[in-house]
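Quantities reported herein were computed from a predicted structural model and do not represent experimental measurements. Chain naming here is simple, since letters A, B, ... match the order of the sequence lines and numbering starts at 1 in each.
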Number of protein chains: 2
Amino acid sequence: MSIRKGRSVTISDVAEAAGVSRAAVSKVIRDAYGVSPGMRARVQSAIEQLGYRPSVAARALRGSSYRLGLEVPHVNARFMTQIMTGAKQAVSGTPYQVILAPADGPEYSTLESLADGLVDGIIAVSPLVDPAWLEDLAGRIPVVMLGRHDTPSGYDTVIGDDRTGTRAIMRHLFDLGHRRIAHLTEPEPVTAPGTGTPHAIRLQVYRECMAEAGLGDLVQVARRHDDSEPARQAAAELVARHDRPTAIVAGHDDIALDALAAVAAAGLRDRVAVVGYDNTDLAEHPLIDLTSVDQQGVEMGAEAATMLLERLQGRIEPRHYVATTHLHVRGSSVRPTSDRAETGGRDQLE
Amino acid sequence: MSIRKGRSVTISDVAEAAGVSRAAVSKVIRDAYGVSPGMRARVQSAIEQLGYRPSVAARALRGSSYRLGLEVPHVNARFMTQIMTGAKQAVSGTPYQVILAPADGPEYSTLESLADGLVDGIIAVSPLVDPAWLEDLAGRIPVVMLGRHDTPSGYDTVIGDDRTGTRAIMRHLFDLGHRRIAHLTEPEPVTAPGTGTPHAIRLQVYRECMAEAGLGDLVQVARRHDDSEPARQAAAELVARHDRPTAIVAGHDDIALDALAAVAAAGLRDRVAVVGYDNTDLAEHPLIDLTSVDQQGVEMGAEAATMLLERLQGRIEPRHYVATTHLHVRGSSVRPTSDRAETGGRDQLE
DNA sequence: ATGAAAGCGCTAACAA
DNA sequence: TTGTTAGCGCTTTCAT
């Protein structure tokens with residue numbers, strides 16, 4: 001009769017029902033040291049009987065909320081699915097849960113709102129936030145950043161090997177005979193040199209590879225016009241040019257999808273190659289059939305969550321993890337064909 | 001000098017800095033009644049100076065966390081993107097934030113973990129949880145359920161007009177001349193009659209339409225073998241049958257994508273029509289070009305969030321919102337062709 | 001209009 | 001091993 005209508009059952013109710021102290025109940029629910037089997041049993045059964053669930057708010061106020069926050073830049077970024085899957089996988093079996101906070105706007109405020117005591121630790125994909133600000137944030141709450149090529153001291157990082165991945169793409173396209181290769185990527189800010197974002201690296205490596213192949217004058221960089229706008233328009237403009245590229249290297253699969261759309265709409269599906277990055281689940285769809293670099297998104301997510309748990313257990317020194325990449329060649333890697341059929345279409349007959 | 005290293009600034013720090021009471025600061029940050037302009041100004045500037053951010057945990061313990069939880073069954077369900085977008089839209093301008101909790105397993109525990117004081121209200125897509133259990137949950141925390149065709153008294157619902165949407169699909173296919181129409185949907189539990197899930201309704205209406213058209217004996221229902229497994233395998237089996245359907249009505253776009261994959265892999269792209277549901281962003285991709293029913297996912301998400309806010313402001317009586325549907329006809333709606341080219345392929349030449 | 005004080009549910013010292 | 005006690009940071013009566 002201690003449960004008043006409308007009020008949820010608290011630790012005191014359990015303690016009373018089990019005839020023990022609240023501290024004892026607290027220890028049981030946290031699996032803490034110093035409880036006799038007998039007491040544990042009595043408390044457990046009282047918990048079951050009353051349907052007790054500890055208040056996250058109260059726990060958070062005093063210690064941990066047992067929640068990890070995953071901040072992602074957009075609700076619909078397909079890559080984040082892999083990250084989330086990995087993170088959930090990594091925390092399964094621990095008392096921790098993962099919650100997702102899509103930014104779709106200023107990342108600072110999303111991150112802060114997570115840090116406001118909602119979660120015990122943060123995994124974030126925020127390429128543009130200031131490193132110093134992050135160090136500060138990391139001083140208040142454990143942080144693991146995804147996709148940052150810096151080596152900060154206050155927080156951990158998990159990245160893919162963008163250099164190797166991009167080189168694999170370029171070599172693949174060169175091998176196919178492509179020379180006029182364009183790069184379709186994110187708006188300026190995300191790709192500015194020195195920012196250390198994956199997209200900045202990919203752009204830089206693209207340039208390097210073109211230069212090394214003596215194709216520096218064929219470099220073409222196109223961008224999504226606006227952040228959170230599809231890249232379709234930019235891709236359409238790219239393929240409409242008189243010096244149309246024979247291959248488009250997209251910054252990631254979502255952009256590649258838009259490139260494929262533009263290429264298909266222009267009826268150039270077998271004349272313009274498209275390569276993506278992330279190897280999201282759609283890449284292998286037979287109608288998409290997109291060549292893409294797998295950078296082990298699930299593993300990255302799992303690693304990030306694991307690192308966070310380590311920090312929550314006391315690790316102080318930073319860790320920086322680099323995931324390996326693997327190029328998946330698919331149908332979108334068409335060979336170049338000469339525009340003016342002067343070679344008699346030999347390439348196509350092969 | 002009141003800010004000790006490593007400790008975040010609290011309401012007391014602000015109060016002290018502004019030379020007022022903590023209660024006063026509390027009122028200011030909540031925009032509550034009873035603060036003079038002068039005091040408000042002083043407090044505001046103290047907040048700015050110290051970079052004060054209220055602790056969500058402490059607020060939640062005492063009142064509200066100003067967080068709304070959105071529970072979705074899977075991380076990668078494309079439809080949830082629309083819901084989330086709408087929900088974020090609806091709370092923008094309010095002090096509330098939306099956080100996402102993907103279930104990918106037992107929904108009960110995900111919902112409870114949200115209800116454990118993390119959020120002030122819950123929006124959930126959980127077709128299978130017990131209505132009585134939900135009523136109980138709703139007694140402790142405001143709840144809006146998406147995609148439940150019941151009319152509960154304790155919580156609100158937001159649904160699409162599955163009946164009309166499915167009828168539109170069937171009529172469309174009949175008009176194209178299809179008779180052998182199959183339905184590819186979720187595993188048994190989600191589509192069992194009487195559950196009132198959208199998929200149960202869609203299945204039922206599919207059967208009704210077939211029967212009304214005198215095609216009851218051509219009814220073919222196929223399912224994803226396992227929950228959280230792609231429907232590709234089931235779709236492949238469907239198109240490999242000797243009595244292969246000329247059209248496949250998919251339970252939603254994700255399933256339709258798998259159906260398209262199987263159809264494409266079998267080289268039947270222009271012989272088997274595929275129709276989806278939800279009109280997710282991929283449907284309009286030229287390489288997918290999927291006919292699909294738009295059920296206003298963004299609007300549903302916005303409506304759900306708005307209802308939740310209403311409840312937080314005191315509404316008690318339940319509301320039930322039904323979104324309208326609109327069929328988008330695209331290239332995947334091919335006409336039927338007779339298998340044994342006895343009609344001389346007239347349909348194709350047309 | 002403002003402040004004092006109690007307490008939300010829990011955990012972490014410390015005592016017993 | 002178990003219980004007592006003092007807060008965590010905030011909101012909310014209730015005085016003033």
* Answer yes when B/Asp156 and B/Arg315 have at least one side-chain N-carboxylate O distance shorter than 4.0 Å, and no when they do not. => yes

* **Side-chain donor/acceptor of B/Thr85 to backbone N/O of B/Val298, under 3.5 Å** => no

* Can you check whether B/Tyr52 has a side-chain N or O nearer than 4.0 Å to OP1 or OP2 of D/dC10? -> yes

* Asked: Is a side-chain donor-acceptor pair under 3.5 Å present for B/Thr110 with B/Glu71?
  -> no

* Phosphate contact (C/dG9 OP1 or OP2) by A/Ser55 side-chain N/O below 4.0 Å -> no

* Within the structure shown, what part of the strands sits under 4.0 Å from B/Ala24 by heavy-atom distance: base, sugar-phosphate, or nothing? -> sugar-phosphate

* Asked: Do any side-chain nitrogens or oxygens of A/Arg59 fall under 4.0 Å of OP1 or OP2 in C/dT11?
  -> yes

* To do: Could you tell me whether a side-chain N or O of A/Lys88 sits under 3.5 Å from a main-chain N or O of B/Val75, the two making a donor and an acceptor?
  => no

* Asked: How long is the line joining CD1 of A/Ile11 and P of D/dA6, in whole Å?
  -> 18 Å

* Structure fact -> To the nearest angstrom, the CG-C1' distance between B/Asp116 and C/dC10 comes to 13 Å

* Distance test, side-chain N/O of B/Thr10 to OP1/OP2 of D/dG9, below 4.0 Å -> no

* Let me know the distance between CZ of A/Arg62 and P of D/dT5, rounded to the nearest Å. => 16 Å

* Can you find a pair of side-chain heavy atoms, one from A/Arg148 and one from A/Leu134, that are under 4.5 Å apart? -> yes

* **Salt bridge present between A/Asp31 and A/Arg40 (N-O < 4.0 angstrom)** => yes

* Structure fact -> Separation of C/dG9 atom C1' from A/Glu16 atom CD, nearest Å, is 15 Å

* Near DNA chain C, under 4.0 Å by heavy atom, which residues of residues 27-41 of chain A? -> A/Ile29, A/Arg30

* Do B/Asp120 side-chain atoms and B/Ser65 backbone N/O form a donor-acceptor pair below 3.5 Å? -> yes

* Tell me what B/Val20 touches on the nucleic acid: a base, only sugar-phosphate, or nothing, going by heavy atoms under 4.0 Å. => sugar-phosphate

* C/dG7 P sits how many Å from A/Leu61 CG, rounded? -> 17 Å

* Asked: Given atom CZ of A/Arg22 and atom P of C/dT11, what is their separation to the nearest angstrom?
  -> 10 Å

